[in-house]
> 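I have a structure here, written as structure tokens, and I will follow up with some questions on it.
Every chain is numbered from 1 and lettered A, B, ... according to where its sequence line falls, protein lines coming before strand lines.
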Amino acid sequence: MQYLEGTNPPQRQAITTTEGPLLVLAGAGTGKTRVLISRIAHILTQNLAELDEVLAVTFTNKAAREMQERLEAELESSVKGMWMGTFHSLSGRILREHAQLVGLDKDFDIVDPDGQASVMRDILLAHGIDEKQYTPKQMVGLLSAWKDNSWLPEEVPAEEAMKLGGHGHSVYRSYQERLKQLNACDFGDMMLLTLKIFKENPEILQQYQQQFKYILVDEYQDTNGVQYLWLRLLAMGHKNICVVGDDDQSIYGWRGAQVGNILAFEEHFEGAQTIRLEQNYRCTGNILHAANAVISHNEQRHAKELWTDSGQGVPVEVHQRWDDVDEVRGLMVTVINHHLKMGGSLKDIAVLVRSASQTRVLEAELRKAKIPHRLVKILAFHDRKEVKDAIAYLKLVTRPRDDLSFERVINLPKRGIGDSTLKQLKQISQTRNMPVFDAAVVAVNENLVNTKAKKALYEFTQLVNGWRSDIPNGSYDQLMEMILDESGYVDMLYEDKAKEGEEKMKERIDNVKELLRELTDVTQENLLDYFENLALDSDTIDLLGIPQDEVSIMTVHASKGLEFPMVFLPGFEDGLFPHQRSIDDELGTGVEEERRLAYVAMTRAKKKLIISHTSSRKLYGNWISCEPSRFFLELPEKGVRYYKEGRGSEINYIKEGHNPTGRTELKRKGPRKMGEAAPQTQLSDAQVDALNKGPMIGVSADGMSTGTKVMHEKLGTGRILGVEGFPPNRKFIVDFDEHGEKKMLESMANLQKI
DNA sequence: ACATTTCTTTCTACC
DNA sequence: AAAGAAATGT
């Protein structure tokens, strides 16, 4: 049995224990993917199940693809027919099959967050809710959280329904109604509506329960409420559910993930067995030791300690740099060039950032230093404006009910259809219960809009009808090309050159061309799948040519499951990592999740881990001073070296400026008190201006100074303890009567003087 | 309705 | 700093 070769005893056990519920607690780099693949190979080669009787759930499409490839290599045969994919893609498959049961057509569309916000904007308007007080995004966020918890409109608990001014409940219903009208659903619905079908139609559920003899789930620590219930129902048939995960790597709490699912698996599934994989095959001893030390500060976790027998390796490095530019130029570029000189390769290297905003400086400086690099998954190809515009045209032509796409392209390029005309069209569409496109035809025929708009609408509808009659037998690239040409969209891109600059224009044109290339594979048969993938698969970035030798730049979240010989972790500063939003989190679980995130980040490194923090960095265009991340205080004494360099200096990499006293300098006496203002290291022009105009720190013209009593919408009354920075980016430190000390940005907090 | 200017806001993380 | 919204002028 080939698939057992080279496995350790617990791995072997996890592969061959096929019957009954099984929890595999698999730490970072313990060979969990290997186990999953071998387990499926075992099930199939032992003839325990047919291909379509195996359900394998992964967290990303990329993971699904990788698993499929490796499995096929292992079995030397195709595994087509197996149910392998993400929760959303698998659930979507079931939902399409039974869409009528929840009022959707089989070819329903999946709206992305932009689309959600757009729908919500109309709903808020119709409900007479002030969209400044409750933004569409906020409202969508609330609904998504409810859906992640598996609450249908009638199931939302009373106290939840009180949130955001108590509007949520009625808004939820209208929002769902509207989506139904559009023949569309959002991400949350893909799980929730399928669950609804299961609950209301036992015979359908039973059919799937019988079909799926073996269920496997990867990254179980990141499942949310609705996903848990979905799995639970499906697993009720044969009860052979194997979940693999690591509570220390749960980093999607903001998307509703409940670590509790993995912590309580044994209670949720009766008779469950647990197997632990604790031998790490990825990192050096020093890296593992450092990561273990950090994560051990979390309260909510299964006790475990990863180990390795592969030697200590070189120390983990911690660098203090002057600012974000110096962090790249002085540190990374130096190290990377040295790595190249020693014969190393760029694809060994990854830079993992906490927030996408860090990539701007990173990219600029690496470009200056002529170091090839690639942003991975930061802005997905299909999220680019010009690509979304083109897709909207294609959707409008092929999907008659797609009002969202109509809205997007009706005045792109400018056709003289403004807000007021659009509003009229929407009105007609609602009262006559027809798509906005049809309303436009009606408006033309019945003279319901002014002459100018009428002419423009007539021409537009003629164009679209023309394209509709040209829907091809072959691939869609030619239709798309015709649309882009005849609509004037491409001309518009060229004309934008003056405004946007030539480089930007070229990039846009290239992206549209790339889209055309992609569409050569799209036909009437797979158009629906194509649209579904657009919504569900954001990994598709590697279509732009062969993988080059270049440094990978990505967010820590995007790095989960990957590994690199050398990893840089810039921006380890309180406020950025851990992020301020998590520090402010009232439940206190935020920092624990950040710590898990740090753990994930550190354990991506196989041989060399370089963490850095800066003294100052730009935020919203203003310099702020930064404190070292609190996570440094949790690093072990051994196996970590500290480096501190001044402004613009380059470290002498070979000689190593090992600074044993660095640690004491780094070590704070304890967390900085909230009221204790961070020292301002450098003033921006705006700040100097602000000073010259009058208001001084703490004695501002608006009377918001230390001692002022203030009122906050949610946190109630309190007193200002201190003020940092300058308008309009001041931060107030407020001692709230009910909630204690909080630090907040002026523009966010909306504090009222009382 | 659109172009231009001015002012706000934004920077967690993503299927 | 850059993108987006709002205000203002034509």
> Give the nucleotide from the list dC14(B), dC2(B), dC11(B) with an atom nearest to the side chain of K414(A).
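So the side chain of K414(A) is nearest to dC2(B).
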
> Determine the interplanar angle of the W230(A) and F87(A) rings, folded into 0 to 90°, and report it as parallel if under 30°, tilted if 30 to 60°, perpendicular if over 60°.
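Plane angle over 60°, so perpendicular.
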
> Any side-chain heavy atom of R408(A) sitting closer than 4.5 Å to one from K388(A)?
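In contact.
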
> To the side chain of R255(A), which of dC15(B), dA1(B), dC11(B) is closest?
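For the R255(A) side chain, the nearest candidate turns out to be dC15(B).
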
> Between N450(A) and F187(A), which residue's closest nucleotide on DNA chain B lies nearer the 5′ terminus?
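Closest to the 5' end, via its nearest nucleotide, is N450(A).
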
> Identify whether the distance between the nearest side-chain nitrogen and carboxylate oxygen of R96(A) and D107(A) falls below 4.0 Å.
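Not counted as a salt bridge, because no side-chain N and carboxylate O are separated by less than 4.0 Å.
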
> Hey, can you tell me if F572(A) and F577(A) have their rings parallel, tilted or perpendicular (30° and 60° cut-offs)?
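The rings of F572(A) and F577(A) sit tilted, inter-plane angle from 30° to 60°.
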
> Determine whether the aromatic ring of Y620(A) stacks with the base of dT10(B), defined as ring centroids separated by less than 5.5 Å and ring planes inclined by less than 30°.
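So yes, this residue stacks on that base, both cut-offs being met.
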
> Hey, which of these two, T86(A) or T421(A), hits DNA chain B nearer its 5' end, going by closest nucleotide?
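Going by which nucleotide is closer to the 5' end, it is T421(A).
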
> Does D222(A) come within less than 4.0 Å of K560(A), counting only side-chain N to carboxylate O?
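Yes, D222(A) and K560(A) are salt-bridged.
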
> Ignoring the backbone of T555(A), work out which of dA1(B), dC15(B), dC14(B) is nearest its side chain.
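Looking only at heavy atoms from C-beta outward on T555(A), the closest nucleotide is dC14(B).
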
> Report which part of the nucleic acid S89(A) touches: base, sugar-phosphate, or nothing (heavy-atom distance under 4.0 Å, all strands).
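Counting heavy atoms under 4.0 Å across all strands, no contact is made by S89(A).
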
> Ignoring the backbone of W254(A), work out which of dC14(B), dC15(B), dC11(B) is nearest its side chain.
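Of the candidates, dC14(B) comes closest.
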
> Whole angstroms only, please: what is the CG-P distance between L375(A) and dA13(B)?
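Computing the L375(A):CG to dA13(B):P distance gives 13 Å.
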
> Among I553(A), L562(A), V567(A), exactly one meets side chain to side chain contact (heavy atoms under 4.5 Å, CB included) together with L352(A). Which residue is that?
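Exactly one candidate clears the test, V567(A).
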
> Nearest whole Å is fine: how far is dC15(B) C1' from L536(A) CG?
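Checked: the CG to C1' distance equals 7 Å.
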
> Counting the atoms with a prime plus P, OP1 and OP2 as sugar-phosphate, which does A453(A) contact under 4.0 Å by heavy atoms, base, sugar-phosphate, or nothing?
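Touches nothing.
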
> Within less than 4.0 Å of OP1 or OP2 of dA1(B), is there a side-chain N or O belonging to S420(A)?
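True: S420(A) side-chain N/O within range (under 4.0 Å) of dA1(B) OP1/OP2.
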
> Whether K618(A) contacts dC11(B) is assessed here as follows: a side-chain N or O lying under 4.0 Å from the phosphate OP1 or OP2. Is that the case?
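Checking K618(A) against dC11(B): no side-chain N or O falls below 4.0 Å of OP1 or OP2.
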
> CG of N622(A) versus P of dA2(C): gap in Å, rounded?
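To the nearest whole Å, that distance equals 13 Å.
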
> Between dA13(B) and dG4(C), how far apart are the C1' atoms? Round to whole Å, please.
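Comparing C1' positions in dG4(C) and dA13(B) gives a spacing of 22 Å.
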
> Provide, to the nearest angstrom, the distance between the CG atom belonging to D383(A) and the P atom belonging to dA13(B).
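D383(A) atom CG is separated from dA13(B) atom P by 12 Å.
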
> Out of dC2(B), dC15(B), dC11(B), which has the shortest distance to the side chain of R360(A)?
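Selected nucleotide (nearest to the side chain): dC11(B).
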
> Heavy atoms, side chains only, cut-off 4.5 Å: are Q116(A) and K137(A) in contact?
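No, every pair of side-chain atoms sits at 4.5 Å or beyond.
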
> With the criterion set at under 5.5 Å between ring centres and under 30 degrees between planes, would dA13(B) be stacked on Y252(A)?
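By the stated criterion, Y252(A) and dA13(B) do not stack.
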
> Roughly, in whole Å, what's the span from NZ in K137(A) to P in dT8(B)?
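Whole-Å distance recorded here is 20 Å.
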
> Using a strict cut-off of less than 4.0 Å between a Lys/Arg side-chain nitrogen and an Asp/Glu carboxylate oxygen, indicate whether K455(A) and E459(A) qualify as a salt bridge.
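Answer for the salt bridge query: yes.
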
> Partner lookup for dC11(B), please. Criteria are Watson-Crick or G-U wobble with both distances under 3.5 angstrom; report none if nothing qualifies.
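Pairing partner, where one exists within any strand: none, as none qualifies.
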
> Rounding to a whole Å, what distance do you find between E593(A):CD and dA13(B):C1'?
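Taking atom C1' of dA13(B) as the reference, CD of E593(A) is at 9 Å.
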
> What nucleotide among dA1(B), dC14(B), dC2(B) has an atom nearest to a side-chain atom of A558(A)?
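Per side-chain heavy atoms of A558(A), the pick is dC14(B).
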
> Answer whether the closest heavy-atom distance between the side chains of V600(A) and R604(A) falls below 4.5 Å.
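Yes, their side chains come closer than 4.5 Å.
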
> Taking atom C1' of dC14(B) as reference, at what distance in whole Å does atom CD of Q227(A) sit?
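Atom-to-atom, Q227(A) to dC14(B), this comes out as 12 Å.
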
> Just to be sure I understand the geometry, which residues of residues 594-602 of chain A put a non-hydrogen atom under 4.0 Å away from DNA chain B?
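The answer is none.
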
> Distance between the C1' atoms of dA6(C) and dC11(B), in whole angstroms?
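Between the two C1' atoms, the distance is 22 Å.
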
> Specify the separation, in whole Å, of atom CZ of R581(A) and atom P of dT10(B).
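Going from R581(A) (CZ) to dT10(B) (P), I get 9 Å.
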
